[in-house]
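Just so it is clear, the structure is predicted and the values come from calculations on it, not from any experiment.
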2 protein chains.
Amino acid sequence: MEWRHLPPLSGLRAFAAFAETGNVVAAGDALGVSHAAISQQLRSLETHLDVALLDRSGRSLALTDAGVVLSRALRSGFGGMIEAVEEITGLRDARPLHISTTPMFAVSWLMPRLPAFRAKYPDADLMLDPTPEVIALSADGIDVAIRYGNGNWPGMEAHMLLRSPMVVVAAPALVGADEMPSVDDLADLPWLEELGVSEGNNWLRRHGVSRGMTRGQTKVPGNLLLDGARDGQGVVVTVRAFVERDIAAGRLRALFTEDEDDSFGYHLVTRPGVMRPALKAFVTWIKREASEAG
Amino acid sequence: MEWRHLPPLSGLRAFAAFAETGNVVAAGDALGVSHAAISQQLRSLETHLDVALLDRSGRSLALTDAGVVLSRALRSGFGGMIEAVEEITGLRDARPLHISTTPMFAVSWLMPRLPAFRAKYPDADLMLDPTPEVIALSADGIDVAIRYGNGNWPGMEAHMLLRSPMVVVAAPALVGADEMPSVDDLADLPWLEELGVSEGNNWLRRHGVSRGMTRGQTKVPGNLLLDGARDGQGVVVTVRAFVERDIAAGRLRALFTEDEDDSFGYHLVTRPGVMRPALKAFVTWIKREASEAG
DNA sequence: TCCATATCTAACTCCAGCTTACATAAATTG
DNA sequence: CAATTTATGTAAGCTGGAGTTAGATATGGA
């Protein structure tokens with residue numbers, strides 16, 4: 001280990017806290033010190049490394065490219081350390097299982113099944129983080145994440161829970177029951193989008209759709225998205241499995257189904273390594289639950 | 001990030017250095033401080049966490065289970081930080097590519113091919129670490145490892161270079177040219193083993209052989225192993241691909257070939273993420289080299 | 001232009017973390 | 001079994017890193 005290359009650790013800690021919070025005051029709060037302390041540490045770290053980590057134009061600080069690289073390493077580095085400390089001091093056992101998922105999956109799949117888990121493992125405490133952003137598992141104390149994708153998360157282990165393509169749907173009230181609207185028609189219709197990052201928005205971005213159609217978009221909270229679609233308030237991009245029954249019942253029409261390889265779907269994403277008992281129980285349970293549902 | 005759970009960083013650093021070196025004096029040298037400083041840091045870390053990290057019975061310190069857990073997290077945590085710092089300060093580009101491999105593979109496969117790489121990329125500096133122990137790539141600044149296994153390294157990306165089972169071989173001079181020796185006969189023959197951890201020793205351990213046959217073992221440096229086998233000095237466990245020609249020419253006889261699934265072989269093991277240019281060149285080159293050889 | 005909201009700087013304080021020197025304890029050896 | 005070697009532990013004092021407070025400075029928006 002090349003310890004000589006390791007800068008003063010307090011500077012790294014301050015920088016990591018700043019990168020996490022985005023401003024020096026909040027970083028100071030996070031570490032329990034004053035904002036001036038953070039400011040000094042940031043400056044001394046930059047002079048020590050002789051690398052610009054922060055872009056000081058403007059009244060707030062932004063990370064440079066080098067700063068982003070460093071902050072990522074620090075986030076996972078300190079995160080792993082904190083995790084290990086929690087592990088050996090027993091803080092981790094006492095803490096509830098943190099499950100990160102998207103609002104869409106939480107509402108449509110996970111929450112209806114949770115009572116069964118609670119019944120089977122009454123001792124396990126769960127904590128759902130329905131945060132749509134992709135996060136580094138170890139840094140935030142997340143035990144397991146459930147994400148839509150093709151199973152390729154570098155450094156992570158993924159297990160398919162629900163195989164399903166993306167689909168564009170709308171209520172017959174909006175697009176009519178018979179004729180298939182053309183692409184141009186779709187662009188003229190109102191669209192409902194989920195707030196923030198979500199499966200649907202990722203799909204739109206991947207297909208470069210969002211740029212072309214700035215008009216007629218309505219941002220709604222994820223849990224209201226499907227209700228809005230059924231209600232004819234707009235066109236929605238979502239995961240097919242969640243609207244299968246609506247389509248069958250005629251409440252929604254599938255306007256376009258993504259014909260990707262069938263590796264896309266919701267995956268259980270965990271870190272390699274040993275799992276604590278509560279996590280193991282949850283993972284085993286959800287895998288069985290998924291295989292029975294599929 | 002739960003910064004409250006992070007102990008004083010100097011204590012963690014001292015502990016990591018101690019875990020790496022195994023004694024307080026060497027740890028002090030590594031960090032450029034006195035042994036007393038390490039000793040104090042270790043003690044204060046233990047009292048801070050209220051967890052026994054060190055077993056103080058005997059005159060030297062040993063890690064407890066909790067200590068091992070923590071040290072692993074620290075090793076990879078600090079390692080990643082150092083790596084990121086080297087990255088953004090440009091120290092990394094200047095440094096030669098570090099390739100960790102086993103002596104067996106280095107001698108039998110890699111080194112004969114290296115001149116071709118040098119000819120193609122004269123600017124790239126290489127550094128072979130023929131260390132048999134499995135190491136954490138990021139902590140020691142290793143860019144890529146080449147290891148025998150089934151491709152399952154959690155958190156790593158593995159690419160098959162040379163598919164081959166293990167085989168037990170000996171010279172006809174030792175076991176005769178015709179009759180196949182029985183298992184009991186084998187136990188009576190002298191065995192050559194590589195020093196330290198190696199593919200062959202791992203195989204022996206996996207099969208529980210080493211315990212039963214303490215007599216007649218000779219430990220030799222890896223590069224002399226095959227010469228000794230051809231010379232009739234003992235029975236050797238090795239990777240079949242390296243003795244294929246010796247077997248065909250009658251210099252060695254295959255006494256037993258492992259009939260495992262064909263996922264076993266030498267793999268190129270890298271960390272997920274972006275590679276620096278020199279590494280990318282090497283990886284591309286060695287993959288092509290391997291596919292042409294196979 | 002003024003105000004709110006940021007970050008930066010200066011001066012001062014203090015204790016974490018270091019060094020040196022000595023103590024202690026366990027293996028090793030004659 | 002005492003002497004020696006080789007570890008780690010402890011004490012005491014020094015010093016600079018890391019923090020605080022208070023005030024300066026810069027930017028963006030009303």
Side-chain angles (χ1 to χ4, degrees), chain A residues 3-64 66-67 70-71 74 78 81 85, chain B residues 3-64 66-67 70-71 74 78 81 85:
Chain A
W3 293 107
R4 293 168 306 168
H5 293 171
L6 194 65
L9 290 167
S10 50
L12 294 179
R13 179 176 49 195
F15 181 70
F18 172 80
E20 187 183 15
T21 58
N23 73 322
V24 292
V25 178
D29 290 347
L31 297 188
V33 298
S34 67
H35 67 104
I38 301 291
S39 180
Q40 291 179 31
Q41 291 290 355
L42 293 181
R43 197 165 280 282
S44 83
L45 178 63
E46 282 188 293
T47 46
H48 179 101
L49 296 177
D50 196 21
V51 168
L53 302 171
L54 299 164
D55 177 3
R56 288 187 163 76
S57 68
R59 80 167 151 175
S60 66
L61 300 175
L63 297 184
T64 64
L70 183 60
S71 71
L74 296 180
F78 284 126
M81 295 181 186
V85 167
Chain B
W3 293 106
R4 294 169 304 168
H5 293 171
L6 193 65
L9 290 168
S10 50
L12 294 179
R13 179 178 48 193
F15 181 70
F18 172 80
E20 187 184 14
T21 58
N23 71 324
V24 291
V25 178
D29 289 348
L31 297 188
V33 297
S34 66
H35 69 102
I38 302 292
S39 181
Q40 291 176 25
Q41 291 289 354
L42 294 180
R43 195 166 284 280
S44 84
L45 178 61
E46 282 188 293
T47 45
H48 180 101
L49 296 177
D50 197 21
V51 168
L53 302 171
L54 298 164
D55 177 2
R56 287 187 165 74
S57 67
R59 80 165 154 178
S60 66
L61 300 173
L63 297 183
T64 64
L70 182 60
S71 72
L74 297 180
F78 284 126
M81 294 179 185
V85 167

Q: Under 4.0 angstrom, heavy atoms only, what part of the nucleic acid is A:Q41 near: base, sugar-phosphate, or nothing?
A: sugar-phosphate
Q: Whole angstrom is fine here: how far is it from CG in A:N23 over to P in C:dC8?
A: 11 Å
Q: Between C:dT7 atom P and A:F15 atom CZ, what is the distance in whole Å?
A: 14 Å
Q: Nearest 0.5 Å, please: how far is CZ in B:R56 from CD in B:E46?
A: 4.5 Å
Q: So, is A:S34 near the phosphate of D:dT20, with a side-chain N or O under 4.0 Å from OP1 or OP2?
A: yes
Q: Counting heavy atoms from C-beta on, name the nucleotide in C:dT28, D:dT20, D:dT10 closest to the side chain of A:A37.
A: D:dT20
Q: Which whole-number value in Å describes the distance from A:F18 CZ to C:dA6 C1'?
A: 11 Å
Q: Separation of A:D55 atom CG from C:dA6 atom C1', in whole Å?
A: 15 Å
Q: Looking at the base of D:dT6, is there any donor atom on it, or on the side chain of B:R59, that sits under 3.5 Å from an acceptor on the other one?
A: yes
Q: Send over the distance from A:L42 CG to C:dC8 P, rounded to a whole Å.
A: 7 Å
Q: Select base, sugar-phosphate, or nothing to describe what B:S10 touches, counting heavy atoms under 4.0 Å on all strands.
A: sugar-phosphate
Q: So, does A:T64 use its side chain to make a donor-acceptor pair with the main chain of A:A52 at under 3.5 Å?
A: yes
Q: Tell me whether A:S39 contacts the main-chain N or O of A:H35 through its side chain, where contact means a donor paired with an acceptor under 3.5 Å.
A: no
Q: Counting C-beta onward and ignoring hydrogens, is there a side-chain heavy-atom pair between A:L42 and A:L61 closer than 4.5 Å?
A: yes
Q: To the nearest Å, how far apart are A:I38 CD1 and D:dA18 P?
A: 12 Å
Q: Check whether any side-chain N or O of B:S71 sits under 3.5 Å from a backbone N or O of B:G67 as a donor-acceptor pair, and report yes or no.
A: yes
Q: Phosphate oxygens OP1/OP2 of C:dG17: is one of them under 4.0 Å from a side-chain N or O of B:R13?
A: no
Q: Which nucleotide in the list C:dT7, D:dT10, D:dT20 gets nearest to the side chain of B:S39?
A: D:dT10
Q: Can you tell me how far P of D:dG17 sits from CZ of A:R43, to the nearest Å?
A: 18 Å
Q: Check the distance between D:dG28's C1' and A:L61's CG and give it to me in whole angstrom.
A: 15 Å
Q: Considering heavy-atom distances to DNA chain D, does A:Q40 or A:R56 have its closest nucleotide positioned more toward the 5' end?
A: A:Q40
Q: Nearest-nucleotide wise, let me know which of B:H35 and A:S44 is further upstream toward the 5' end of DNA chain D.
A: B:H35
Q: Checking contacts here: which listed nucleotide (C:dT7, C:dC18, D:dT20) is nearest the side-chain heavy atoms of A:V25?
A: C:dT7
